[in-house]
Each structure stands twice: as C-alpha cells, then as structure tokens.
Amino acid sequence: MLISHRTSVVARLGTAQTLAWASSYYLPAMLATAMAADLGVSVPMVFGAFSFGLVVSAVFGRWAGQLIDHHGGRPVLIGTNWLFAAGLTALAMAQGPVLLFLAWGVIGVAMAAGLYDAAFATLVRLYGHDARSSITGITLVAGFASTVGWPLTAWLELEFGWRGACLCWAGLHLLLGLPLNASLPRSGAAPGVNPVPVAVSPIAAAAPAVAPGATFWPTVLLSLVFAVTWFTSTAMAAHLPRLLQAHGLTLAAALALAALVGPAQVAARLLEFGFLRKVHPLVSAQLATAAHPVGALLLMAIGGPAAMLFTLLHGAGNGILTIAKGTLPLVIFGPQGYGARQGLLMVPARVAQAVAPLAFGLAIDRLGGDALWVSTGVGLVGLTALVWLQRSGPVAR
C-alpha cells in the first residue's frame, strides 16, 4: 500500500513538474522570435526578460523553501499554479518591454517555489531520509518536459499565436496543474519528521549528523558545485546545436544530436534509480560532474566523430546531477530545514543560470568550438569541490 501511495504521489508531482518546466523554462526557445517581432523589441531583450525572471527566482528561492518547511509542499505548490497562470496571462497581454519584464518577474516568483527545488523539498517533507528514490522518480517523469513542451508550444503558437499559446499554458495550470498539486498528501508533521513510516536506507542511516557549526564549508562547496553545473546545463541548452556546428557538423546533424540529450538524461536517471541507488550520492555526483569535461576534451581532440559521445555524456551527467541537487543536501545535512537550506544553496546556481546563455554565447563568438574550454574548466572546478567535500569532516567515509 505504501509503495502504491508513493508511486501515485511521484506520478502526480512529476506530471505537475512537467507542466511547470514546459510553460516557463522551455517557453522562450519556441516563442522568443514571435514575441520580439510582435512587441517591437529584439530577441536578446526577450531572453533578457527571461533572465530577469531567473534572477527573481534566485531571490525568492530560500523564502519558498522556508514556506515549505513550515507549511508543507501542497499549499505552496498550489499557490505557484495561480502565480504561473497570472504571469503567463500578463505575458500574453504585454504590449511592450515593461509588462514583458513584469510578467517574467511574476513567473520568476512561481519558478522559485514551483520547480524541482520545491518538489524535492516537498518529498523530503513527506518522506525524510527515504526521499531519494522519489526524487529520482519525479525527474524521470519531468525529464520529458522539453520533449513535450517544445512541440506543444510550437503547435499552439502555429494555431493560436504566441499570445494564445501563453494563455493555453495558463489555463493548463488551472485545469491540470492545480488539481494535481491539490491532490498531494497534506504534511502536518514538524519539519524534519517523517509523516509516513518508512525504512531508512543504509546510506542515509550511515550519514553522520552535522553539528550546527560544521555546515559552513559543506554549504559553500555544494553551492559552488550547483552553480557551475547549472551554468553548463543552461549554456548547453541554449547553444548546443551552434556549438556542434562549430566543430564541423551541419545544422541538421547538430539538431539531430542535440535531440539525444533528453533521452540520455532519462537513461542516466534510470541507472541512478537502479544500480547507482546503492552508491553514495556524492560518488554518483562526482561521476556525473566528470562526464561533460571528458566528453568535451574528446570532442576538442577528435572533432566531429566524437560529437555523439560528447552529447550523450553531457546529457547523462546532467540527468544524474539534477537528482544530486536534491539528494546531496538531504544526505549531508539531513531533512531538518531542508527547504530553506535548498533555497540558500541554489541562489548562486540560479544566478549562474541567468548569465549562462549570454556568457557562453560570447565565448562561442570569440573562441568558436574552443569555447568548450570554458565549460570544461568550470566542470573541473565542480569536480574538485566534490572531492574536497568528500574528504571534509561531515561527509568523510
């Protein structure tokens, strides 16, 4: 009965997350050109408004985590459906840059409390130390957000225009997302206490308690890891086809290979759900962080023939790192105050995410295919931080 209940929660939350990601993070890629033409602004300004929303998300991230710690995930996620709907409606009504930025600001608040970080905090609030498999589960479902969102947004824009597409996504938040989040279990226990009686995994049980004064360096190191990995993830999401073209591929071939990132992410998450669930999350995070630099070095050394391997390694590493962002804070710090801590840890990551498209685009303009040295360098910084974290006191094995 418990397994069936947990599976149902994961399915509902994962579906709601798919909707949230598809209607926010993946929206500009399909609508930016049409929005810019209609509003009389440049495409970079449209992406600038999106980046503004990501900055707002960073500012409100810790506040959202604290709300979940105190009230549970269900009411907070319900609130984000109303915020997403309001922001998307405002976006559909925009007539110039002012309302464009204001609309993305509202969507940014919704993203702070309605994407993976909030979903992870909700699961930890429900299941405590035993939330790792559930976190993996929702990333498996929502891993197809781009696969579903991009073609659906393109079809909606073709049928109803970009404004109609935004209104349709707003309606889906009220007709689909709201009931899904409202159906989640109520969490009435105090923060850090399991409301559902579950067995604690051996890995979680083996994790030593962290003294209140010993959290500074683990917090700094995890923040650094999350920032550099989100920088690379967002940079590749914005520029991967162009980057592959810089290494000699045709546009058609680059797009075909870029489409492999999603399946590679899901395949890696299945591996995490199976074999790697027996491995400490810190070890799987190290392997995942190393994947992009290894693939990038091969691509720069060999060229086009290594492009598929690079794409698969990047996608697989990114897929596992998404899970690590939820499981590492749980294993290292425990469930107490998880939401607020997760919000704090992700502030640098959200800022890095906001600047990544512009920064990496400039790197490609200047360096061409050698811009991969940038993502390789930051990836190695993240890997070094994870090794240091493993050797530090609170998580030493």
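What you are looking at is a predicted structure, and each value in this text was computed from that prediction instead of being measured.
P218 places a side-chain heavy atom less than 4.5 Å from the side chain of L389. For the pair L244 and T311, the minimum side-chain heavy-atom distance is below 4.5 Å. No side-chain heavy atom of F120 sits less than 4.5 Å from a side-chain heavy atom of S134. The shortest side-chain heavy-atom distance between V109 and S57 does not fall under the 4.5 Å cut-off. L88 places a side-chain heavy atom less than 4.5 Å from the side chain of L27. Put simply, the side chain of L282 reaches to within 4.5 Å of the side chain of L386, judged on heavy atoms. By the 4.5 Å heavy-atom criterion applied to side chains, F226 and P329 are counted as neighbours. Looking only at side-chain heavy atoms (C-beta outward), V355 and S51 stay at 4.5 Å or farther from each other.
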Next item on the list: For side chain to side chain contact (heavy atoms under 4.5 Å, CB included), just list the numbers for V351 and V55, CA-CA rounded to whole Å, side-chain angles, deciding distance to a tenth of an Å, and then say yes or no.
Entry: CA-CA 6 Å; V351 174; V55 172; 5.7 Å; no

Next item on the list: Walk me through it: do F333 and L222 pass the test side chain to side chain contact (heavy atoms under 4.5 Å, CB included)?
Entry: CA-CA 11 Å; F333 302 110; L222 272 187; 3.7 Å; yes

Notebook entry, point to check: Should F101 and M45 be marked as a side chain to side chain contact (heavy atoms under 4.5 Å, CB included) after you check the CA-CA gap, both sets of side-chain angles, and the distance that decides it?
Noted result: CA-CA 9 Å; F101 275 79; M45 178 172 286; 4.0 Å; yes

Margin query: Would W388 and L221 count as a side chain to side chain contact (heavy atoms under 4.5 Å, CB included) here? Give the steps.
Written below: CA-CA 8 Å; W388 188 3; L221 291 171; 3.5 Å; yes

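Looking at Q17, its side chain does come within 3.5 Å of a backbone N or O of G114 through a donor-acceptor pair. At least one donor-acceptor pair closer than 3.5 Å links the side chain of T229 to the backbone N or O of V225. A donor-acceptor pair is defined here as one N or O able to donate and one able to accept, closer than 3.5 Å; such a pair exists between the side chain of R12 and the backbone of S8.
Hydrophobic clustering (ILVMFWY, side-chain heavy atoms < 4.5 Å, transitive): W21 and L174 are in distinct clusters. A continuous path of Ile, Leu, Val, Met, Phe, Trp and Tyr side chains, each step under 4.5 Å between heavy atoms, connects L39 with F52, placing both in one hydrophobic cluster. When hydrophobic clusters are built by joining Ile, Leu, Val, Met, Phe, Trp and Tyr residues whose side-chain heavy atoms come closer than 4.5 Å, directly or via intermediates, W162 is grouped together with L152. By the rule that hydrophobic residues join a cluster once side-chain heavy atoms approach within less than 4.5 Å of another member, L178 and L83 end up as members of separate clusters. Put simply, V10 and L19 are part of the same group of oily side chains (I, L, V, M, F, W, Y) that touch within less than 4.5 Å, one to the next.
Classified by interplanar angle (parallel below 30°, tilted 30° to 60°, perpendicular above 60°), the ring pair F231/F360 is perpendicular. Under the 30°/60° scheme for interplanar angles, the aromatic rings of F50 and Y25 are found to stand perpendicular.
In terms of heavy atoms, L77 sits closest to A113 at CD2-O, 3.6 Å. Of all heavy-atom pairs spanning V266 and L140, the tightest one is O-CD2, 3.7 Å. Shown here for T153 and A22, the closest heavy-atom pair between the two residues is OG1-O, 4.5 Å. Considering every non-hydrogen atom in both A291 and G317, the closest pair reads CB-CA, 4.0 Å. Here the closest heavy-atom approach between residue R163 and residue L91 is recorded as NH1-O, 4.4 Å. Closest of all the heavy-atom pairs between A363 and V374 is CB-CG2, 4.2 Å.
Note that the OG atom of S183 and the CG atom of L13 stand 9.5 Å from one another [nearest 0.5 Å]. With values rounded to the nearest 0.5 angstrom, I138 atom CD1 is found 9.5 Å from I323 atom CD1. Here the straight-line distance linking atom CG of L297 with atom CG of L372 works out to 9.0 Å at 0.5 Å rounding. Taking NE2 of H314 as the start and OG of S233 as the end, the distance is 5.5 Å to the nearest 0.5 Å. T80 contributes atom OG1, which lies 12.5 Å from atom CD1 of I107 (distance to the nearest 0.5 angstrom). The distance from atom CG of L257 to atom CD of Q245, rounded to the nearest 0.5 Å, is 11.0 Å.
W169 and S24 share no donor-acceptor pair across their side chains, judged by distance under 3.5 Å alone. Under the 3.5 Å distance criterion, with hydrogens and angles disregarded, no donor-acceptor pair is assigned to the side chains of R74 and T122. Side chains of R269 and T322: a donor on one and an acceptor on the other come within 3.5 Å. Side-chain contact check for H292 and T376: no donor-acceptor pair (N or O, by modelled atom type) lies under 3.5 Å.
For M300, the CE atom sits in a packed shell: over 12 heavy atoms of surrounding residues, nucleotides or ligands are nearer than 6.0 Å.
Applying the ring-ring contact (aromatic ring centres under 6.0 Å, His included) test to F84 and every residue at least two apart in sequence or in another chain returns H173.
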